[in-house]
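This report refers to the structure that appears directly beneath it.
Being a predicted model, the structure only gives us computed values, none of them experimental.
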Amino acid sequence: MTIKRIGTRPRSSAIVIHNQTVYLAGQVGKPGDNAGEQTRTILASIDRLLEEAGTNKSRLLQATIWLADMADFDEMNKVWDAWVAPGNAPARATGEVRLALPEYKVEIVVTAAV
């Protein structure tokens with residue numbers, strides 16, 4: 001089985017493809033933006049990375065969403081719900097965590113089929 005890595009840096013790869021499955025690194029928005037804007041930025045990045053990997057959001061398998069504060073849950077969901085491909089919602093988990101920088105409010109990790 002071949003493993004293809006795209007956008008590899010010393011610590012991580014932006015995209016890893018193995019066995020017709022695409023794994024994206026966690027995506028964050030612009031530090032300091034509100035949760036809705038960060039979510040929009042993140043989802044645009046996910047769209048771009050999935051396209052680079054030869055797939056799209058209709059092929060999502062799983063999403064993990066981390067919020068710095070669950071008070072942002074509704075704001076993030078408004079953006080997510082408008083973005084997710086109708087009839088193709090992935091398995092999803094959302095939780096509250098301390099993110100890498102205090103200015104980050106949202107981080108999203110997805111897995112998709114090719």
Is a donor on one side and an acceptor on the other found under 3.5 Å between the side chain of T64 and the backbone of V109?
no
I42 and V106: which non-hydrogen atoms are nearest, and at how many Å?
CD1-O, 3.4 Å
Is there a path of hydrophobic side-chain contacts, each under 4.5 Å between heavy atoms of I, L, V, M, F, W or Y residues, that connects W66 with I108?
no
Please name the pair of heavy atoms, one in A68 and one in Y104, separated by the smallest distance, quoted to 0.1 Å.
CB-O, 3.6 Å
Is I17 close to I6 at the side-chain level, that is, under 4.5 Å between some pair of heavy atoms?
yes
What residues, two or more places apart in sequence or in another chain, satisfy salt bridge (Lys or Arg N to Asp or Glu O under 4.0 Å) together with E37?
R40
Does a side-chain heavy-atom distance below 4.5 Å link I46 with W83?
yes
Working note: N19 + T21, criterion side-chain hydrogen bond (donor to acceptor under 3.5 Å, both in side chains); need CA distance, chi angles, decisive distance, verdict.
CA-CA 5 Å; N19 205 21; T21 304; 5.8 Å; no
More than 12 heavy atoms from other groups under 6.0 Å of CD on E96:
yes
May I ask whether V114 and L61 are part of the same hydrophobic cluster, defined by side-chain heavy atoms of I, L, V, M, F, W, Y residues being less than 4.5 angstrom apart, directly or through others?
no
For the backbone of D33 and the side chain of Q38, can you confirm whether one donor and one acceptor N or O come within less than 3.5 Å of each other?
yes
Candidate pair R92 and V84, rule side-chain contact (heavy atoms from CB on, under 4.5 Å), full reasoning:
CA-CA 12 Å; R92 189 184 114 170; V84 74; over 6 Å; no
side-chain contact (heavy atoms from CB on, under 4.5 Å) assessment of L60 paired with L50:
CA-CA 9 Å; L60 288 179; L50 289 174; 4.0 Å; yes
Ignoring hydrogens and angles, tell me if any N or O in the side chain of Q27 forms a donor-acceptor pair with the backbone of A25 under 3.5 Å.
yes
In terms of heavy-atom contacts, F73 and L67 come closest through CA-CD1, 3.7 Å
Can you tell me if R5 uses its side chain to pair, donor with acceptor, with the backbone of V16 under 3.5 Å?
no
So does P86 get a backbone contact from the side chain of N88, meaning a donor-acceptor N/O pair under 3.5 Å?
yes
How far apart are the closest heavy atoms of A112 and T55, and which atoms are they?
CB-CG2, 4.2 Å
What closest approach, in Å, do T8 and S13 show between heavy atoms, and which atom pair accounts for it?
OG1-OG, 2.7 Å
Restricting to side chain to side chain donor-acceptor pair (under 3.5 Å), what partner residues turn up for N34, sequence neighbours left out?
none
With heavy-atom distances below 4.5 Å as the criterion, would you say the side chains of D47 and K57 are in contact?
yes
Can you tell me if R98 has over 12 outside heavy atoms packed within less than 6.0 Å of its CZ?
no
Can you find a pair of side-chain heavy atoms, one from L99 and one from V28, that are under 4.5 Å apart?
no
Nearest non-hydrogen partners of A63 and V110, listed with the distance:
CB-CG1, 4.0 Å
